[in-house]
Amino acid sequence: MEYNFREIEQKWHQYWVAQQTYKVKEDSAKKKFYVLNMFPYPSGAGLHVGHPLGYIASDIYARYKRLQGFNVLNPMGYDAYGLPAEQYAIQTGQHPAVTTEANIARYREQLDKIGFSFDWSREVRTCEPGYYHWTQWAFQQMFGSFYCNKCQSAQPIEKLVEHFEHEGTANLDVAQSEELSFTANEWNSWDEKKHSDVLMNYRIAYLGETMVNWCPALGTVLANDEVVDGVSERGGYPVEQKKMRQWCLRVSAYAQRLLDGLDTIDWTDSIKETQRNWIGRSEGAEIFFRLKESDEGFTIFTTRADTMFGVTFMVLAPESELVQKVTTPEQKAEVEAYLAYVKKRTERDRISDKKVTGVFSGSYAINPFTGESNPIWISEYVLAGYGTGAIMAVPAHDSRDYAFAKHFGLPIVPLVEGCDVSEESFDAKEGIVCNSPRAGVKPYIDFSLNGLTIKEAIAATKQYVKEHHLGRVKVNYRLRDAIFSRQRYWGEPFPVYYKNGIPTMIPEECLPLQLPEVDKFLPTETGEPPLGNAKKWAWNEATRTVVNCSEIDNQTVFPIELNTMPGFAGSSAYYLRYMDPHNDKALLSKEADAYWQNVDLYVGGTEHATGHLIYSRFWNKFLKDLGVSVCEEPFKKLVNQGMIQGRSNFVYRINDLSHEKGHPVFVSFGLKDNYSDVTPIHVDVNIVSADVLNVEAFKAWRPEYADSEFILEDGKYVCGWAVEKMSKSMFNVVNPDLIVERFGADTLRLYEMFLGPVEQSKPWDTNGIDGCHRFLKKFWNLYWTKDGQISATEGEPTKEELKALHKLIKKVTADIEEFSYNTSIAAFMIAVNELQTLKCTNKQVLEQLAILIAPFAPHIAEELWAVLGHSTSVCDAQWPSFNEKYLVEDTVKMMVAFNGKTRFGIDFPAGTDNATIEATVRSHEQTPKYVGDKQIVKIIIVPGRMINIVVK
RNA sequence: GCCCAGAUGGUGGAAUUGGUAGACACGAGGGACUUAAAAUCCCUUGGCCAGUGAUGGCCGUACGGGUUCGAUUCCCGUUCCGGGCACCA
């Protein structure tokens, strides 16, 4: 009986659809298990073989869990908003919704061929009003909340207003953009506009005047994680810093919870470390420096409070508001010139050349520990957005301060015993403090750090600062608030209108606010975002409807926000929506939430480490504070699948010979070194098989190659190869459909897993795919006799058959749990060979085997399960458990080692007890020969393993 | 510069986490069946040396040390490749 995979796979696809095999419902009788893949952005290029890698891995796990009796949620959807569709729309005028829809259809078609156990009835698309309703809703909830530091949770903004009405800002401990100070009387005297402005300082979703990454080429702002090396992640366009009024999310309020949560989740250390770096917690102190001959001053942040006695100058960030205050009239011209210079420099310039620049402000600050006056400088190496935008410079112990001091000839005072600061700074936090205060200098305050270790000195200084009210102990985070506005068309509209300058939320019951139609997807001529082109984009408060912009009267009809939300808005809570995707009353029902809780296994790439995976955690924590999500962390276990790189093939053109003959001449890989002038040319990998070029297909590939000539080796044209990114331009994109067509989905699934560990990046290489296909054929043949009859026979399996089977059950079960699919497939290959050798036809064994293969190769498993006489899906079978008693070896081989030199083996019958083994070893006739006059002092016996004999 | 992960045959990769390194697969070589090819099956396949042979010996997990009876695995140092962060005070 032939293994006709095309017929089998088609048959079972239809069966699964007809039977709704993968549809899942909440079922309190069963334990839940939630498997999730990062949903794809449906690009125009379709799926390549790299995309399904993670989906296959998670599908195997989902199927395995289901066979174990879990109620498995394994949904799929599309991250449908995004820049490529919009760029395409700008170029062609084609509406992004149309191209997105077409791309989704293509993706779906490709995905369906691979045999996933997705519950498509739960599909979500971020661009559908029924979905983004809840993205908009969440935004409104964030607008209506502030973050209370004391209770470490989001609270309704009304509570804060109440606080202001009674106490002003007294006794306030909340997350805020800047520290404001006002009384209850002041608050109560302010008008509505002023209240709105002040509350923006506290809201979790707020309008903020912030420095943003502005990308002129894309005409939009970008989040920090969307900027790589000073250029945009998409497209690689230059990015500059610009101050703009933008919607922001106060992610920074959650910094500590985001950090603490990392200890509770099962993610790889490297990705947790990346997030820790991104959050960037640093403990230090804020210390107040008074300006010379003034009562005013400013606060600096330092993690090295121990270096107070080594401060020789101060530095402000150019963007700092303090710059104007401290610049003296004499220095004004120079400072202005410097500020102009800094403004001109892009993010990229700063990164590429790190030359030392700066200017003296003319003012001095008094060091509260030494009483010395330190000159205040302005330099771009100090960042406005971190700490207080001002630092105390200790050139002896900070390399940046050191470079600055050397460049401008400022003094350097070492503070660690025995350190040498003549060539470079001593940045290490170890050693004994000296010069604090310096010998012979009259102490300014009664405080000394001399003789302490640096760690002790930091603690002592913090203590002193706290007691003497010179500042406070402070924890800073590098994590910034997320900029939430994008000047784009193809994104979620903000459900906000502007009532005479006051941002006002569209009533919750009027959501979703649907994306309007526009004639052009480009920004308007006046530089407004694309939504500025919409004719019908105003809010009528009376009728509570969207109306034409021409009706705006600022009485009852007001303009609506023109920005849209960024890509991460829709992807931040999609895992919750899958739990209850069709609910039009809420993001999800309490019941669905209580049952599915959070994602047990999340599979996706590492590229989202500082984007989606932070935003999602933030979003979930906010929803938890709201009582919407029951879990603090959205994703319990995270597995990062590696990238599949392309394996490009090359042909080698002999340039001079081609020129001479008037047609291209190509030389095979092994002979190319015989020619001097050879150019490697990318060739479509789809016309190369096992690095051998299909010459006829090559001639047909491009008209200019039609009359090519080939210099062959062994009658073949062998191509060269290289590992590169999988991309159209390298002609190395392999489409999964082609593999499915040629070998079947089961072979593709098996092969993608067999290629190596899921987490590892590796080049796609079809050279080994035959092996997996061959294995499936062998597997298939176990179930059939030579003349096409079902081979299964009733009766009890033999001891050998049971041993082969249980060895496999044990191995596969353990491997799936550890995501080690390549080794479990190897175990299958061994088992099939063993059973083949045993001529096994036992029905019980064959049944269990079909269940075991089901997660990996579901189609063949269904077919064979049916062949064995079952009328239900193999998905509803039960995963076999192994019995250790079948696995006991007949003999236990013991290795005995002496002095690491000589080893010999002794075989013991199974079940031999340790005392017998020990006695045998001691009396073994070979023993004296190898031990000589040395005495055995200890015999360590590990059952089933080795004996260690320790000799003296 | 800092942090993280890694380096094993011609290739992808195994190794029960300190216990016979190279499972499984690909490729290669040889053979069987066949007029032939495809398909299928069998044997060999880390390197070097000795032997007609069964077999035996030595070397071998990037490099150099160390701990151990025993190290791909643990520790120290070096080189190389990959990922993240990068004036974060």
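In what follows, chains carry the letters A, B, and so on, assigned in the order in which the sequence lines appear, proteins first and then strands, with residues in each chain numbered from 1.
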| request: Let me know, please, whether A:Arg304 or A:Ser270 comes out on the 5' side of the other along RNA chain B by nearest nucleotide. | output: A:Ser270
| note | By nearest-heavy-atom nucleotide on RNA chain B, the more 5' of A:Thr610 and A:Ala827 is A:Ala827
| query | NZ of A:Lys272 versus C1' of B:A5: gap in Å, rounded? | reply | 15 Å
| query | With the threshold set at 4.0 Å, does a side-chain nitrogen-carboxylate oxygen contact exist between A:Arg276 and A:Asp263? | reply | yes
| Looking just at side-chain N and O atoms, do A:Thr610 and A:Tyr615 make a donor-acceptor pair shorter than 3.5 Å? | no
| From the list B:U40, B:C3, B:A89, which nucleotide is the closest neighbour of the side chain of A:Val382? | B:A89
| task | Determine the minimum heavy-atom distance between A:Pro318 and A:Tyr338, stating which atoms define it. | result | CG-CE2, 4.4 Å
| field | Opposite nucleotide pairing with B:C63, Watson-Crick or G-U, both atom distances under 3.5 Å | value | B:G77
| Separation between the C1' atoms of B:C85 and B:G9, rounded to whole Å | 37 Å
| field | Interatomic distance, A:Tyr477 OH vs B:A89 C1' [rounded to whole Å] | value | 17 Å
| request: Provide the Watson-Crick or G-U wobble partner of B:C2, both distances under 3.5 Å; none if there is no partner. | output: B:G84
| said: Base, sugar-phosphate or nothing for A:Arg276? Non-hydrogen atoms, less than 4.0 Å. | reply: nothing
| request: Send over the distance from A:Asn781 CG to B:A39 P, rounded to a whole Å. | output: 15 Å
| query | Using atom P of each nucleotide, how far apart are B:U73 and B:U20 to the nearest Å? | reply | 14 Å
| remark: Closest non-hydrogen contact found for A:Ile287 with A:Pro368 is CG2-CG, 4.0 Å
| task | Starting from P on B:G84, measure out to CG on A:Leu479 and report it in whole angstrom. | result | 19 Å
| said: Let's test this: given Watson-Crick or G-U wobble pairing with both distances under 3.5 Å, identify the partner of B:U16. | reply: none
| message | Can you identify which nucleotide, out of B:A23, B:A39, B:C4, has its nearest atom closest to the A:Lys777 side chain? | response | B:A39
| Between B:A89 (P) and A:Phe289 (CZ): distance, integer Å | 17 Å
| query | Taking OP1 and OP2 of B:C4, is either one under 4.0 Å from a side-chain nitrogen or oxygen of A:Asn277? | reply | no
| request: Please tell me which of the listed nucleotides, B:U40, B:A23, B:G84, lies nearest to the side chain of A:Ile830? | output: B:A23
| query | If you check the A:Arg478 side chain, which of B:A15, B:C24, B:C85 turns out closest? | reply | B:C85
| task | Scan A:Asp765 against the nucleic acid and name what it touches under 4.0 Å (heavy atoms): base, sugar-phosphate only, or nothing. | result | nothing
| task | Could you work out the separation of B:A36 and B:C26 based on their P atoms and round it to a whole Å? | result | 25 Å
| field | Interatomic distance at C1', B:A25 relative to B:A14, whole Å | value | 11 Å
| request: Indicate whether the side chain of A:Ser252 and that of A:Asp481 have a donor and an acceptor atom separated by less than 3.5 Å. | output: yes
| said: Can you tell me which nucleotide in B:G84, B:C85, B:A23 comes closest to the side chain of A:Thr274? | reply: B:G84
| field | Nearest-Å distance once atom P is located in both B:C42 and B:C33 | value | 16 Å
| Which one, B:A89, B:A25, B:C87, comes nearest to the side chain of A:Phe754? | B:A25
| message | Can you confirm whether or not the ring centre of A:Phe754 sits under 6.0 Å from the ring centre of A:Phe775? | response | no
| Anti versus syn assignment for B:G57, with syn defined as within 90° of 0 | anti
| Does B:G13 have OP1 or OP2 sitting under 4.0 Å from an N or O in the side chain of A:Gln760? | yes
| field | Protein-nucleotide distance (A:Ile300, atom CD1; B:A89, atom P), rounded to Å | value | 12 Å
| task | Would you mind classifying the nucleic acid contact of A:Ile391 as base, sugar-phosphate or nothing, using non-hydrogen atoms under 4.0 angstrom? | result | base
| task | Return no unless some side-chain N or O of A:Lys762 is found under 4.0 Å from OP1 or OP2 of B:G13. | result | no
| said: Counting only side-chain nitrogens and oxygens, does A:Tyr381 get under 4.0 Å of the OP1 or OP2 atom of B:A89? | reply: no
| said: So, OP1 or OP2 of B:C26: does either fall under 4.0 Å of a side-chain N or O from A:Arg774? | reply: yes
| When you check the gap from the basic side-chain N to the acidic O, do A:Glu834 and A:Lys807 get nearer than 4.0 Å? | yes
| remark: With the side chain defined as heavy atoms from C-beta on, A:Pro757 is closest, among B:G13, B:A23, B:A25, to B:G13
| query | What interatomic distance, in whole Å, is found between C1' of B:G22 and the corresponding atom of B:G46? | reply | 8 Å
| message | Work out how far the P atom of B:G82 is from that of B:G12, and round it to whole angstrom. | response | 16 Å
| request: Please report, rounded to the nearest Å, how far the P atom of B:C87 is from the CD atom of A:Glu319. | output: 13 Å
| Taking a pair as Watson-Crick or G-U wobble with both distances under 3.5 Å, which nucleotide is matched to B:A28? | B:U44
| said: Can you tell me if A:Thr268 touches the phosphate of B:A5, counting only side-chain N or O atoms and a distance under 4.0 Å to OP1 or OP2? | reply: no
| query | On a whole-Å scale, what distance lies between the P atoms belonging to B:C2 and B:U78? | reply | 11 Å
| query | What is the pairing partner of B:G22, taking Watson-Crick or G-U wobble pairs with both distances under 3.5 Å in any strand? | reply | none
| message | Quick check on B:U79: syn or anti? Syn means the glycosidic torsion is within 90 degrees of zero. | response | anti
| message | Over all strands shown, is A:Arg281 touching base, sugar-phosphate only, or nothing at heavy-atom distances under 4.0 angstrom? | response | nothing
| request: Mind calculating the distance between CG (A:Asn833) and P (B:C43) to the nearest angstrom? | output: 10 Å
| field | A:Thr747 and A:His773: side chain donor to acceptor below 3.5 Å | value | yes
| message | Heavy atoms only, 4.0 Å cut-off, all strands: where does A:Lys778 land among base, sugar-phosphate and nothing? | response | sugar-phosphate
| message | As a test of reading the structure: which of B:U40, B:A89, B:C87 is closest to the side chain of A:Ser282, going by heavy atoms? | response | B:A89
| request: Please report the shortest heavy-atom distance between A:Lys762 and A:Gly756, naming the atom on each side. | output: NZ-O, 3.6 Å
